[in-house]
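Structure, as structure tokens:
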Amino acid sequence: MIKDRIVELIEAALRGAAEAGDLPLSDAPHVELETPRNKAFGDYSTNIAMVLAGQVKMSPREVAAKLIERLPADGGLIEKAEVAGAGFINFFLKPDWLGDVLRRIESEGEKYGHAPLHTGESVLVEFVSANPNGPITVGSARGGAIGDVLSNLLEAVGYDVCREYYVNDAVNSLQMQHFGKSLEARYLQALGQDAPFPEDGYKGEYVTQIAKQIVERDGDKYLSLSKTERVRVFTDLGEREMLAVQNADLKAFGVVFDNWYSERSLHESSKVRNAIDTLKARGYAYEDKGALWLKSTAFGDDKDRALIRRNGQPTYIASDTAYHADKFDRGFQRLINVWGPQHHGYIARTKAAVAALGYDPDKLDVIIYQTVRLFSGGELVMMSKRAGELIPLGELVEEVGKDASRFFLLMRTADSSLDFDLELATQQSSENPVFYVQYAHARICSIIRSAADEGLAVPSAEATDLSALGHESEIALVKKMAEYPEEIRIAAESHQPHRLTAYARDLAALFHAFYRDCRVLGEEPAVTNARLVLVEASRTVLRNVLTMLGVNAPERM
RNA sequence: GCGCUUGUAGCUCAGUGGAUAGAGCGAAAGGUUGCGGACCUUUAGGUCGGGGGUUCGAAUCCCUUCAAGCGCGCCA
């Protein structure tokens, strides 16, 4: 890669200067190379002289000048290197480097952007994990998009990734019991009985729908059961139905999990008991007021947390602790949890629990995403006409499609709240970012189709003279494509999948600018051929980034 | 009260400790007959919430303060 080659040149210059006594350096400093915003500052730039100035007691410009003197022969890569500003060294590349980029994109194809930086490392990404007592909401869907695309990114940099959904199906969960009671009441009502609806019940229309389905399928056969039995049965039936709906909605959203991990199984396999025994043995669990407590304050938490209630039932923290232990025990080296905005207070206690069990809490990263609000035509959409509550993911995908749903939910950093404009998401115009990006891809395909109609195939980059490329718009486009692998690396390592949507928009904009300025077909053969190579490379990179986002790259629109 | 997140152009937001803080929309003026319409030029618009500090250099890191959202159960 070009950037790596320049870094090597600078490192060689540093060694040379140190050996010759020009610069009194003890060990090799880390060289940062960046792409300056302003093209007057060259193609690449380094601040190394300013970093070293204090250490070697010279002015930054002086250090820069000495380093430039020591730059080794570069094999025709660098046009010139010059000192600028406070002591930057700016590198201007010979136009030939454009060809290097295009040849690399061609040879790597759909793997362009991938890099084996973390091969052999495994990571478990847990996300969505909504309670199985209702459909996935748009809020949780944001976690779905973040978790899924982050997983794609981690795979691209070499990780072995497991996408996991934690199913909160514990039998003693109050949420699930409320759900079961609500369903049971709707069932009785559907059979014409005057059953009271529980006070803390789930009023959503979907509960009534499920009850009706059960009546249609099983009739009144549950009437003979005792009330307690019936609630138990309906909790199970409802849970099964909700998991199926969640699974289907997520699938339509392009999210498929490798594993659905049952909380109940943690209790049944006595992993919860084992975790508690370990905590006791390690001295981080104690009894007080008839309950058992996790001494999480020993690891920086605000207060200690209950593990087992006075009535003998374990709390969710108990199962969650066992769950995280099990993740490590399954051999994952890193854990990532993608959690909704209400859960930020749980980071400290979860890490504390992990540490108390003897695992490294730094191996666990938690991404908290903020709330999603839906707007339509500038108006806040609070209610769904159909369900009488928060809009389910299934409805969103139905309304704006998988592509727009995913792209829009990834347009902001997870840290800030997100306003989703439903009207914009369905708009067929350049103001709609998804449309704008997909349109660029369709346009590329159209050019290649037109070329084929004229009997022109896209020539291979390797066999084509690319020296005809050199227009400002061509250079800007190639530069952006050259940045893609690093963009992937940064997005993956900083856990910021939203960066990809910005990159996709930038790339599309640069392609549209190229299209405006440079005609592909009907030019001199040398020009047309070189530009066809460039267009094909643009298609590859655009398709790669859209694939990473889980968004379709259409050939026609 | 404590904790987390946010605060950047009229609006919505980008911005890996670097050079003159950017984009889209909106506003003003003009341009635009070719591969697929979703384009171009110019102008206006900023104390990066305020105040300290670290650094050669801060929107970015630290402290403090103000404002907004959220969270502080033997619920999950």
Side-chain angles (χ1 to χ4, degrees), chain A residues 32 34-38 40-41 45-47 49-51 53-54 59-60 84-88 90 129-131 133 168 170 172-176 178 200 263 288-293 302-303 305-317 319-320 340-348 368-371 378 411-419 421 424 427-433 435-436 439-440 442-451 453-454 486-487 489-491 493-494 496 498-499 501-502 505-506 509 512-513 515-523 528 531 535 556-557:
Chain A
E32 293 275 354
E34 62 177 30
T35 311
R37 283 172 187 279
N38 188 335
F41 299 139
S45 168
T46 181
N47 63 351
M50 289 178 287
V51 175
S59 81
F88 292 95
N90 294 338
S129 301
N131 284 336
N133 54 16
N168 296 116
N172 56 3
S173 150
L174 288 181
Q175 272 88 347
M176 290 311 293
H178 282 145
D200 297 327
E263 179 182 4
D288 186 35
K289 295 180 215 148
L292 187 75
W293 299 79
D302 291 340
K303 43 183 140 175
R305 309 290 170 177
L307 288 166
I308 297 183
R309 303 181 183 99
R310 203 194 303 217
N311 66 10
Q313 290 196 334
T315 65
Y316 109 96
I317 295 171
S319 39
D320 217 34
Q342 301 89 343
H343 295 85
H344 58 75
Y346 300 86
I347 298 174
I368 299 286
Y369 60 86
Q370 298 300 320
T371 47
M411 283 203 300
R412 305 274 174 269
T413 73
D415 286 335
S416 55
S417 57
L418 183 151
D419 289 347
D421 188 335
L424 180 62
Q427 215 166 300
Q428 306 272 308
S429 82
S430 66
E431 285 168 39
N432 177 353
F435 189 88
Y436 186 73
Y439 183 80
R443 184 179 243 180
I444 288 170
C445 294
S446 166
I447 293 171
I448 291 171
R449 278 195 302 271
S450 300
D453 289 346
E454 294 177 22
E486 193 175 7
E487 190 57 38
R489 183 185 63 76
I490 293 172
E493 289 177 354
S494 64
Q496 295 186 305
H498 81 279
R499 295 180 64 109
T501 56
R505 294 160 80 174
D506 288 349
H512 288 308
Y515 175 87
R516 175 193 71 231
D517 295 334
C518 304
R519 198 181 161 78
V520 177
L521 303 178
E523 298 286 327
T528 291
R531 286 182 179 164
V535 166
R556 290 189 166 87
M557 301 179 69

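Below, each value reflects all heavy atoms present in this structure, side chains not excepted, and no hydrogens, waters or symmetry copies. Chain A is the first sequence line, chain B the second, and so forth, proteins listed ahead of strands; every chain is numbered from 1.
The base-pairing partner of B:rA27, taking Watson-Crick or G-U wobble contacts with both distances under 3.5 Å, is B:rU43. Across all strands shown, B:rC70 forms a Watson-Crick or G-U wobble pair with B:rG3, both key distances being under 3.5 Å. Under the Watson-Crick or G-U wobble criterion, with both distances below 3.5 Å, B:rG34 is left unpaired in every strand shown. Nucleotide B:rA59: unpaired (no Watson-Crick or G-U wobble partner with both distances less than 3.5 Å).
By the salt bridge (charged side-chain N to carboxylate O under 4.0 Å, His left out) test, A:Asp419 pairs with A:Arg373, sequence neighbours left out. Every residue two or more places apart in sequence or in another chain that forms a ring-ring contact (aromatic ring centres under 6.0 Å, His included) with A:His512 is listed here: A:Tyr436, A:Tyr439. Partners of A:Phe41 under the ring-ring contact (aromatic ring centres under 6.0 Å, His included) rule, at least two apart in sequence or in another chain, do not exist in this structure. With sequence neighbours left out, the side-chain contact (heavy atoms from CB on, under 4.5 Å) criterion links A:Ala502 to no other residue. For A:Gln175, the side-chain contact (heavy atoms from CB on, under 4.5 Å) partners two or more places apart in sequence, or in a different chain, are A:Asn131, A:Asn133, A:Ser173, A:Tyr202. Every residue was checked against the salt bridge (charged side-chain N to carboxylate O under 4.0 Å, His left out) condition with A:Arg412, not counting sequence neighbours, and none meets it. With sequence neighbours excluded, the residues that form a side chain to side chain donor-acceptor pair (under 3.5 Å) with A:Asn90 are A:Ser45. For A:Glu32, there are no salt bridge (charged side-chain N to carboxylate O under 4.0 Å, His left out) partners at least two apart in sequence or on another chain. Every residue meeting the side-chain contact (heavy atoms from CB on, under 4.5 Å) condition with A:Arg519, not counting sequence neighbours, appears here in chain and number order: A:Glu523.
Put simply, CD on A:Glu431 is 17 Å from P on B:rA23, counting in whole angstrom units. Rounded to an integer number of Å, the gap from CD of A:Glu32 to C1' of B:rG57 is 15 Å. Atom CD1 in A:Ile368 sits about 12 Å away from atom P in B:rU6, given to the nearest Å. Separating the CG atom of A:Asp415 from the P atom of B:rC4 is a distance of 13 Å, rounded to the nearest angstrom. In this structure, the CG atom of A:Asn47 is 14 Å from the C1' atom of B:rA58, given to the nearest Å. One interatomic measurement links the two molecules: CE of A:Met557 to P of B:rG36, which rounds to 15 Å at whole-angstrom precision. The distance between atom CZ of A:Phe435 and atom P of B:rC25, rounded to the nearest whole Å, is 15 Å. In this structure, the CZ atom of A:Arg449 is 8 Å from the P atom of B:rG36, given to the nearest Å.
Between A:Asn432 and A:Leu424, the shortest heavy-atom contact is ND2-O, 3.0 Å. Residues A:Gly87 and A:Ala49 come closest through the heavy atom pair O-CB, 3.5 Å. Smallest separation of non-hydrogen atoms from A:Pro314 and A:Asn172: O-ND2, 3.7 Å.
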Distances under 3.5 Å only, N/O to N/O: pair up the protein atoms with those of nucleotides 73-76 of chain B.
from: B:rC74; atom 1: O3'; to: A:Arg309; atom 2: NE; distance (Å): 3.2
from: B:rC74; atom 1: O2; to: A:Arg310; atom 2: N; distance (Å): 2.7
from: B:rC74; atom 1: N4; to: A:Lys289; atom 2: O; distance (Å): 3.1
from: B:rC75; atom 1: OP2; to: A:Arg309; atom 2: NE; distance (Å): 2.4
from: B:rC75; atom 1: OP2; to: A:Arg309; atom 2: NH2; distance (Å): 3.1
from: B:rC75; atom 1: O3'; to: A:Arg309; atom 2: NH2; distance (Å): 3.0
from: B:rC75; atom 1: O2'; to: A:Gln175; atom 2: OE1; distance (Å): 3.2
from: B:rC75; atom 1: O2; to: A:Gln175; atom 2: NE2; distance (Å): 2.6
from: B:rC75; atom 1: N4; to: A:Tyr346; atom 2: OH; distance (Å): 3.2
from: B:rA76; atom 1: OP1; to: A:Arg309; atom 2: NH2; distance (Å): 2.2
from: B:rA76; atom 1: OP2; to: A:Arg309; atom 2: NH2; distance (Å): 3.3
from: B:rA76; atom 1: OP2; to: A:Tyr316; atom 2: N; distance (Å): 3.0
from: B:rA76; atom 1: O4'; to: A:Gln175; atom 2: OE1; distance (Å): 2.9
from: B:rA76; atom 1: O3'; to: A:Glu263; atom 2: OE1; distance (Å): 3.3
from: B:rA76; atom 1: O2'; to: A:Asn131; atom 2: OD1; distance (Å): 3.0
from: B:rA76; atom 1: N6; to: A:Tyr346; atom 2: OH; distance (Å): 2.4
from: B:rA76; atom 1: N1; to: A:Tyr346; atom 2: OH; distance (Å): 3.2

Do any N or O atoms of the protein come closer than 3.5 Å to N or O atoms of nucleotides 29-34 of chain B, and which pairs are they?
none

For nucleotides 7-12 of chain B, tabulate all protein N/O to nucleotide N/O atom pairs closer than 3.5 Å, reporting atom names and distance.
from: B:rU12; atom 1: O2'; to: A:Arg412; atom 2: NH2; distance (Å): 3.0

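Of the P atoms belonging to B:rC70 and B:rU47, the separation is 29 Å, rounded to the nearest Å. Taking atom P on both B:rA28 and B:rA44, the two are 16 Å apart, rounded to the nearest angstrom. Distance check on atom C1': B:rG7 versus B:rC48 gives 10 Å, rounded to whole Å. One C1' atom belongs to B:rG46, the other to B:rU41, and the distance between them is 23 Å to the nearest Å. Taking atom P in both B:rU65 and B:rG24, the straight-line distance is 40 Å, to the nearest Å. B:rA9 and B:rC13: their C1' atoms are spaced 11 Å apart (whole Å). Nucleotides B:rG37 and B:rU32 have their C1' atoms positioned 13 Å apart, rounded to a whole Å. Spacing between B:rC66 and B:rG30 at atom C1', rounded to whole Å, works out to 45 Å.
Residue contacts shown for A:Pro341 are limited to sugar-phosphate atoms, with no base heavy atom under 4.0 Å away. Heavy atoms of A:Cys518 sit under 4.0 angstrom from at least one base atom.
Contact between the side-chain N/O atoms of A:Thr528 and the OP1/OP2 oxygens of B:rC35 is not found at any separation under 4.0 Å. Using a 4.0 Å cut-off, some side-chain N or O of A:Ser450 falls inside it from OP1 or OP2 of B:rG36. Contact annotation: A:Tyr436 reaches the phosphate of B:rC39 (side-chain N/O to OP1 or OP2, under 4.0 Å). Phosphate contact (OP1/OP2 of B:rU16, side-chain N/O of A:Arg499, threshold under 4.0 Å): present. Under 4.0 angstrom from either OP1 or OP2 of B:rA14 there lies no side-chain N or O belonging to A:Arg505.
The base of B:rG3 does not come close enough to the side chain of A:Asp302 for any donor and acceptor atom to sit less than 3.5 Å apart. Taking only distance into account, the side chain of A:Thr413 never meets the base of B:rA14 through a donor-acceptor pair shorter than 3.5 Å. Side-chain atoms of A:His512 and base atoms of B:rC39 include no donor and acceptor less than 3.5 Å apart.
No aromatic stack links A:Phe88 and the base of B:rG18, using centre distance under 5.5 Å and interplanar angle under 30°.
Nearest-nucleotide mapping onto RNA chain B: of A:Ala84 and A:Tyr515, the residue sitting toward the 5' end is A:Ala84.
Listed for the A:Thr315 side chain is no donor-acceptor partner under 3.5 Å among the backbone atoms of A:Ile308. In this structure, the side chain of A:Ser450 engages the main chain of A:Ser446 through a donor-acceptor pair within 3.5 Å.
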